[in-house]
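All remarks here apply to the structure that follows.
Order of appearance sets the numbers: ligands from 1, and atoms from 1 within every ligand. Throughout, numbering of the chain's residues begins at 1 and tracks the sequence. Quick note: numbers below take in every heavy atom, side chains included, and nothing from hydrogens, waters or symmetry partners.
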Amino acid sequence: MSLRPIIIIPDPRLRKVARPVERVDERVRALMDDMLETMYDAPGIGLAAPQIAEDWRVIVLDVAKRKDESARAEPLRLANPEILWASEELSSYEEGCLSIPDYYEEVVRPAKVAVGYLDREGRKQEIEADGLLATCLQHEIDHLNGVLFIDHISRLKRARVVKKFEKAAKTEPPVRKREPPLPRPAPAAAPAPVKGHGAAGDL
Ligand code: K1U
Ligand code: ZN
């Protein structure tokens with residue numbers, strides 16, 4: 001498994017319609033595993049293959065850790081996901097996107113969905129979702145069609161955020177900036193003996 005760089009807007013690869021997977025083979029499984037590792041590391045609750053510049057209809061999700069970091073991982077790996085049904089009832093959620101770092105906005109989408117897909121073994125599956133999982137599935141499937149969550153917000157807000165990232169792209173490399181790792185604590189060294197302050201029992 002390996003960590004992959006996440007591309008950010010205005011990278012044109014985020015606007016392409018991704019190719020369907022013909023067969024879930026070892027290469028697709030390796031891609032799914034790389035994507036999960038990259039998503040957990042980001043950290044995020046979902047990731048679509050185009051976000052790591054892979055032109056395949058593959059998404060991964062794990063919404064279990066959204067509220068509770070210590071919750072057990074519940075990874076989902078989906079190839080060729082398709083929305084089979086969406087509720088008329090709508091819900092609003094403040095969404096973010098790893099390809100649009102540090103920008104959050106309310107998005108209104110169907111509250112419940114049924115999604116068909118191929119799992120890690122290439123078996124046909126169906127999942128019914130509501131709440132955050134329904135939101136995240138729709139966000140990730142949008143990525144496979146070159147659609148970003150900012151396409152669901154007002155034209156004015158979208159123009160503002162796109163302009164900001166276009167300006168940054170002229171001066172910075174087009175991958176998501178990562179926080180530098182925290183400095184490791186220095187290995188505990190034996191305290192130097194202080195003359196005249198020896199505790200009772202010192203040799
Ligand atoms: O597709 C992506 O860019 C991932 C995105 C998924 C998503 C988030 C919120 C609503 C719908 C879809 C993210 O994961 S953004 C980061 C995020 O939500 C998060 C960050 C830290 C801890 C937990 C979640
Ligand atoms: Zn996204």
Side-chain angles (χ1 to χ4, degrees), residues 3-18 31-83 86-87 90-113 115 117 127 129-153 157-158 161-162 164-165 168-169 174-182:
L3 277 181
R4 309 280 209 95
I6 296 174
I7 59 173
I8 63 172
I9 61 165
D11 193 311
R13 290 170 290 185
L14 290 166
R15 289 307 195 172
K16 281 185 65 184
V17 176
L31 172 63
M32 289 169 162
D33 294 346
D34 282 359
M35 287 171 63
L36 273 175
E37 190 182 354
T38 305
M39 180 196 81
Y40 286 127
D41 177 75
I45 55 171
L47 193 71
Q51 294 181 276
I52 56 163
E54 289 282 359
D55 184 20
W56 295 109
R57 298 188 79 79
V58 173
I59 63 174
V60 296
L61 303 93
D62 190 343
V63 299
K65 287 174 182 273
R66 180 73 175 107
K67 286 197 189 110
D68 176 7
E69 246 314 299
S70 64
R72 225 188 57 203
E74 287 174 31
L76 286 170
R77 302 165 172 88
L78 296 81
N80 300 342
E82 240 186 290
I83 295 178
S87 65
L90 302 175
S91 78
S92 174
Y93 193 87
E94 189 177 63
E95 297 190 19
C97 181
L98 298 173
S99 297
I100 313 174
D102 305 321
Y103 184 74
Y104 300 88
E105 200 55 69
E106 287 289 327
V107 175
V108 177
R109 299 183 186 266
K112 297 175 187 167
V113 286
V115 171
Y117 65 100
I127 185 172
D130 59 7
L132 180 56
L133 182 57
T135 296
C136 196
L137 279 164
Q138 293 172 76
H139 178 118
E140 302 311 331
I141 293 170
D142 267 358
H143 272 300
L144 303 181
N145 295 321
V147 175
L148 301 172
F149 86 93
I150 52 172
D151 299 332
H152 297 285
I153 66 176
K157 285 180 179 168
R158 180 166 63 250
V161 65
V162 167
K164 184 184 134 189
F165 279 88
V175 287
R176 192 168 164 266
K177 266 192 281 167
R178 297 173 48 74
E179 295 293 322
L182 291 173

**OP:** State the CD-OG1 distance between Glu140 and Thr135, to the nearest 0.5 angstrom.
**Re:** 11.0 Å
Original post:
Between Cys136 and ligand 1, does any nitrogen or oxygen pair lie at a separation below 3.5 Å?
Top reply: no
Original post:
Considering only the protein, which heavy-atom contact is closest to atom 17 (C) of ligand 1, and what is its distance?
Top reply: Gly44 CA, 4.3 Å
Original post:
For His139 and Ile59, what are the C-alpha separation, side-chain angles and deciding distance, and is it a side chain to side chain contact (heavy atoms under 4.5 Å, CB included)?
Top reply: CA-CA 10 Å; His139 178 118; Ile59 63 174; over 6 Å; no
Subject >> Atom indices of ligand 1 within 4.0 angstrom of Gln51 heavy atoms, with elements >> reply: 1 (O), 2 (C), 3 (O)
Subject >> atom 11 (C) of ligand 1: the protein heavy-atom neighbour that sits closest, reported with distance to 0.1 Å >> reply: His139 ND1, 3.7 Å
Subject >> Closest protein heavy atom to atom 23 (C) of ligand 1, given as residue, atom name and distance to 0.1 Å >> reply: Arg66 NH1, 3.7 Å
**OP:** Please state whether Ala48 comes within less than 4.0 angstrom of ligand 1, counting heavy atoms only.
**Re:** no
Original post:
Which residue and non-hydrogen atom of the protein lie closest to atom 3 (O) of ligand 1, and at what distance in Å?
Top reply: Leu98 N, 2.7 Å
Subject >> Proximal ligand 1 atoms for Gly46, defined as those under 4.0 Å from one of its heavy atoms >> reply: 1 (O), 2 (C), 4 (C), 14 (O)
Original post:
Quick one: does Glu94 get a heavy atom under 4.0 Å from ligand 1?
Top reply: no
Original post:
Can you name the N, O or S atom of His139 that is closest to the Zn ion (ligand 2)?
Top reply: NE2
Subject >> Atoms of ligand 1 close to Gly96 [distance to a heavy atom under 4.0 angstrom, numbered from 1] >> reply: 5 (C), 7 (C), 8 (C), 9 (C), 15 (S)
Subject >> Atom pair CG (Leu14) and CD1 (Ile100), whose distance is rounded to the nearest 0.5 Å >> reply: 8.0 Å
Subject >> Atom of His143 nearest the Zn ion (ligand 2) (restricted to N/O/S, atom name only) >> reply: NE2
**OP:** Indicate yes or no: at least one non-hydrogen side-chain atom of Phe165 is less than 4.5 angstrom from one of Ile150.
**Re:** no
Original post:
Should Met39 be listed as contacting ligand 1, given a heavy-atom distance under 4.0 Å as the test?
Top reply: no
**OP:** Please lay out, stage by stage, how Leu137 and Leu78 fare under the test side chain to side chain contact (heavy atoms under 4.5 Å, CB included).
**Re:** CA-CA 10 Å; Leu137 279 164; Leu78 296 81; 4.0 Å; yes
Subject >> Per-atom contacts, ligand 1 versus Cys97 - under 4.0 Å to a heavy atom >> reply: 3 (O), 15 (S)
Subject >> Presence of salt bridge, Asp55 and Arg13, under 4.0 angstrom >> reply: no
Original post:
Just by distance, do the side chain of Ser99 and the backbone of Ile9 share a donor-acceptor pair under 3.5 Å?
Top reply: no
Subject >> Enumerated ligand 1 atoms positioned under 4.0 Å from heavy atoms of His143 >> reply: 1 (O), 3 (O)
Original post:
Which atoms of ligand 1 sit under 4.0 Å from any heavy atom of Glu140?
Top reply: 1 (O), 2 (C), 4 (C), 6 (C)
Subject >> atom 18 (O) of ligand 1 [closest protein heavy-atom partner, distance rounded to 0.1 Å] >> reply: Ile45 CG1, 3.9 Å
Original post:
For the atom pair CG (Leu31) and CZ (Arg4), what is the distance rounded to the nearest 0.5 Å?
Top reply: 6.0 Å
Subject >> Under-4.0 Å salt bridge between Arg109 and Asp142 >> reply: yes
**OP:** Mark yes or no for whether Glu37, through its side chain, and Asp34, through its backbone, hold a donor-acceptor pair below 3.5 Å.
**Re:** no
Original post:
How far is atom 10 (C) of ligand 1 from its nearest protein heavy atom, and which residue and atom is that?
Top reply: Glu95 CG, 3.6 Å
Original post:
Would you say Pro43 has any N or O atom under 3.5 Å from an N or O of ligand 1, going by distance alone?
Top reply: no
